[in-house]
Amino acid sequence: MHNYLDFEKPISDLEGKIIELKKLASEDESIDTSDEVGRLEVRVREAMVDIYSKLNAWQKTQVARHPQRPHFVDYAKTLFQEFTPLAGDRKFSEDAAIQAGLARFRGQPIAVIGQEKGSDTKSRLKHNFGSARPEGYRKAIRILEMADRFGLPVVTLVDTAGAYPGVGAEERGQAEAIARSTEMCLGVKVPIISVIIGEGGSGGAIAIATGNRVYMLEHSIYSVISPEGAASILWRDSTRAKEAATNMKITAEDLKSLSIIDGIIPEPLGGAHRDPGSVIAATGDVIASALAELSPRSGEQLRSDRRQKFLAMGRNLA
């Protein structure tokens, strides 16, 4: 069953009527509801065009967090061949919030790193809702080192509300692990292509999103802190998250205008969860184009370009 967001009520009402008419027709073959269903389907599309053409920042945040939105495992299954996940950081333990390994992308060997939130209660608990602990980022560092050693391009898929803030994570050096992962991204001499597929939250995102090319899905978000967290700090009131989201400039359009990201990947009408196949294919085409552009460059040039790209952000926003 489709999960509707609160601003999608006109769509849910119309689609509910369509389901009722189809059920009625299936129960009694003498009843023909095709004409009415057709009219309602036109109205559904019109309502979706109207609603999704003017989403505000908070509504985009809701779409980015939609429980049926495709996750890392969905992209990995479709985009990558011979994906071989690698586990553990060789220091403490395995962290399932970060998925990483080696694969082929359209015939080319690559390294893959991504955050997985999970799609049901069991998998969400297993992957800690996509919020990584220090060992997750140290696993990412291990994969980045391996990619650098063997000259493998790196593709990262970002989808996290932020790094896990638990006591144990802090005791094991959460901030240091994030900083080291970011440093490693800046230092490798291979192309890094990063895509924000849902939420790109705080250092938990930037730790694997410091790439030569950074793209966002149309209804994804990318921010230094969650809207709820910002509202709690600024106004001591997390219910003002909608206001915070508007002022933080977290949407793909905002960040493209600020030159924080390099491009926006369009989503199907109604969001990526409405047609996962098409948005995953579009993401693959963007990754392929970026790899074709970056692969001829030398390692030193790739590293220098990446560092200058992020240094320029600070100068442009100063």
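Just so we're clear, the structure is a prediction, and the values are computed from it rather than from any experiment.
Side-chain atoms of Gln62 and Phe7, non-hydrogen and from C-beta on, do get closer than 4.5 Å to each other. Within the 4.5 Å cutoff, the side chain of Leu157 has no heavy atoms near those of the Gln115 side chain. With contacts defined as side-chain heavy-atom distances shorter than 4.5 Å, the pair Met216/Leu255 qualifies. Side chains of Leu302 and Leu294 form a contact here, defined as non-hydrogen atoms less than 4.5 Å apart. Looking at Ser12 and Lys17, their side chains never come closer than 4.5 Å, going by heavy atoms from C-beta outward. Counting heavy atoms from C-beta outward, Val188 and Met184 have side chains that approach closer than 4.5 Å. When side chains are defined from C-beta on, Cys185 does not count as touching Thr182, because their heavy atoms never get closer than 4.5 Å. At a threshold of 4.5 Å between non-hydrogen side-chain atoms, the residues Ile264 and Tyr215 do not count as touching.
Under the 3.5 Å distance criterion, the side-chain polar atoms of Asp95 are left unmatched by any main-chain donor or acceptor of Glu135. Remark: side-chain polar atoms of Ser304 are not paired, donor with acceptor, to backbone N or O of Gln301 under 3.5 angstrom. Side-chain N or O atoms of Ser123 include none that pairs as donor or acceptor with a backbone N or O of Gly118 at under 3.5 Å. In this structure, Thr84 contributes its side chain and Gly101 its backbone to no donor-acceptor pair below 3.5 Å. Within the 3.5 Å criterion, the main-chain N or O of Val279 finds a donor-acceptor partner in the side chain of Thr283. Here the side chain of Asp89 pairs a donor or acceptor atom with the backbone of Lys91 at under 3.5 angstrom. Between the side chain of Glu116 and the main chain of Phe72, a donor-acceptor pair closer than 3.5 Å is present. Proximity of a side-chain donor or acceptor of Thr61 to a complementary backbone N or O of Ala57 within less than 3.5 Å is detected. Here the side chain of Arg142 pairs a donor or acceptor atom with the backbone of Gly88 at under 3.5 angstrom. In this structure, the side chain of Ser295 does not engage the main chain of Ala292 through any donor-acceptor pair within 3.5 Å.
Using a 4.0 Å cut-off between charged side-chain N and carboxylate O, Glu15 and Arg45 make no salt bridge. Between Glu20 and Lys23, none of the side-chain N atoms (NZ, or NE/NH1/NH2) sits under 4.0 Å from a carboxylate O, so this pair counts as no salt bridge. Under the 4.0 Å criterion applied to side-chain N and carboxylate O atoms, Arg39 and Glu36 are assigned as salt-bridge partners. Taking the charged nitrogens against the carboxylate oxygens, Arg297 and Glu293 do have a contact shorter than 4.0 Å, which makes a salt bridge. Contact check on Glu176 versus Arg138 returns a salt bridge, with a Lys/Arg side-chain nitrogen under 4.0 Å from an Asp/Glu carboxylate oxygen. Under 4.0 Å is where a charged nitrogen must lie from a carboxylate oxygen, and between Glu199 and Arg65 at least one such pair does. Between Arg240 and Glu243, at least one side-chain N (NZ, or NE/NH1/NH2) sits under 4.0 Å from a carboxylate O, which counts as a salt bridge.
Nearest heavy-atom pair across Ala132 and Gln174 is O-NE2, 3.1 Å. Between Ala97 and His127, the shortest heavy-atom distance links the atoms CB-O, 3.2 Å. A pairwise comparison of heavy atoms in Gly204 and Ile178 identifies N-CD1, 4.4 Å as the closest pair. Nearest approach of Pro227 to Trp58, heavy atoms of both residues: CB-CZ3, 4.0 Å. The two residues Val158 and Ala205 have their closest heavy-atom pair at CG1-CB, 3.6 Å. Here the closest heavy-atom approach between residue Ala140 and residue Ile113 is recorded as O-CD1, 3.8 Å.
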| task | Could you walk me through whether Asn3 and His66 pass the side-chain contact (heavy atoms from CB on, under 4.5 Å) test, one step at a time? | result | CA-CA 8 Å; Asn3 288 308; His66 197 286; 3.8 Å; yes
| task | Go through the steps to decide whether Leu217 and Ile196 satisfy the test side-chain contact (heavy atoms from CB on, under 4.5 Å), and finish with yes or no. | result | CA-CA 6 Å; Leu217 265 60; Ile196 316 297; over 6 Å; no
| task | Quick one: do Ile233 and Ile225 satisfy side-chain contact (heavy atoms from CB on, under 4.5 Å)? Show the steps, please. | result | CA-CA 10 Å; Ile233 292 171; Ile225 191 173; 3.6 Å; yes
| task | Run the numbers on Lys309 and Val214 for side-chain contact (heavy atoms from CB on, under 4.5 Å), then give the verdict. | result | CA-CA 11 Å; Lys309 169 189 174 71; Val214 181; 4.2 Å; yes
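One hydrophobic cluster holds both Val190 and Phe310 under the rule that ILVMFWY side chains link at heavy-atom gaps under 4.5 Å. Linking ILVMFWY residues whenever their side-chain heavy atoms come closer than 4.5 Å, directly or via other members, leaves Tyr222 and Val224 in distinct clusters. Under a hydrophobic clustering in which Ile, Leu, Val, Met, Phe, Trp and Tyr are joined whenever their side-chain heavy atoms come within less than 4.5 Å, directly or via other members, Ile51 and Val49 fall into the same cluster. When hydrophobic clusters are built by joining Ile, Leu, Val, Met, Phe, Trp and Tyr residues whose side-chain heavy atoms come closer than 4.5 Å, directly or via intermediates, Val195 is not grouped with Ile261. In this structure, Leu24 is not a member of the same hydrophobic cluster as Val37, with clusters built from ILVMFWY side-chain heavy atoms closer than 4.5 Å.
A distance of 9.0 Å separates OG1 in Thr210 from CZ in Arg306, rounded to the nearest 0.5 Å. Summarising the geometry, atom CD1 belonging to Ile250 is positioned 4.5 Å from atom CD1 belonging to Ile221; distances are rounded to the nearest 0.5 Å. To the nearest 0.5 Å, atom CZ of residue Arg104 and atom CD of residue Glu82 are 5.0 Å apart. How far CG of Leu5 is from NZ of Lys9: 14.0 Å, rounded to the nearest 0.5 Å. Between Ile110 atom CD1 and Ile193 atom CD1 the span is 8.5 Å, to the nearest 0.5 Å. To the nearest 0.5 Å, the span separating CG on Leu79 from CG on Asp74 amounts to 10.0 Å.
Open room surrounds CZ on Arg180; 12 or fewer heavy atoms of other groups in view lie less than 6.0 Å from it.
No hydrogens or angles considered: a donor-acceptor pair under 3.5 Å links the side chains of Ser194 and Thr156. Using a 3.5 Å distance cut-off with no hydrogens or angles, the side chains of Gln59 and Asp6 do not pair a donor with an acceptor. Under the 3.5 Å distance criterion, with hydrogens and angles disregarded, no donor-acceptor pair is assigned to the side chains of Tyr52 and Glu218. The closest side-chain donor-acceptor pair between His71 and Lys117, if any, does not fall under 3.5 angstrom. Residues Thr251 and Asp254 have side chains that bring a donor and an acceptor to within less than 3.5 angstrom of each other.
Under the side-chain contact (heavy atoms from CB on, under 4.5 Å) rule, Arg274 has a single partner from Gln68, Glu267, Met48, which is Met48. Test Ile197, Asp285, Ile287, Val286 against Ile265 for side-chain contact (heavy atoms from CB on, under 4.5 Å) and you get one pass: Val286.
A cation-pi arrangement is absent between Arg124 and Phe129, since the terminal nitrogen or guanidinium carbon is not both under 6.0 Å from the aromatic centre and inside a 45° cone about the axis.
Classification of the Phe80-Phe105 ring pair by plane angle, with boundaries at 30° and 60°, yields perpendicular.
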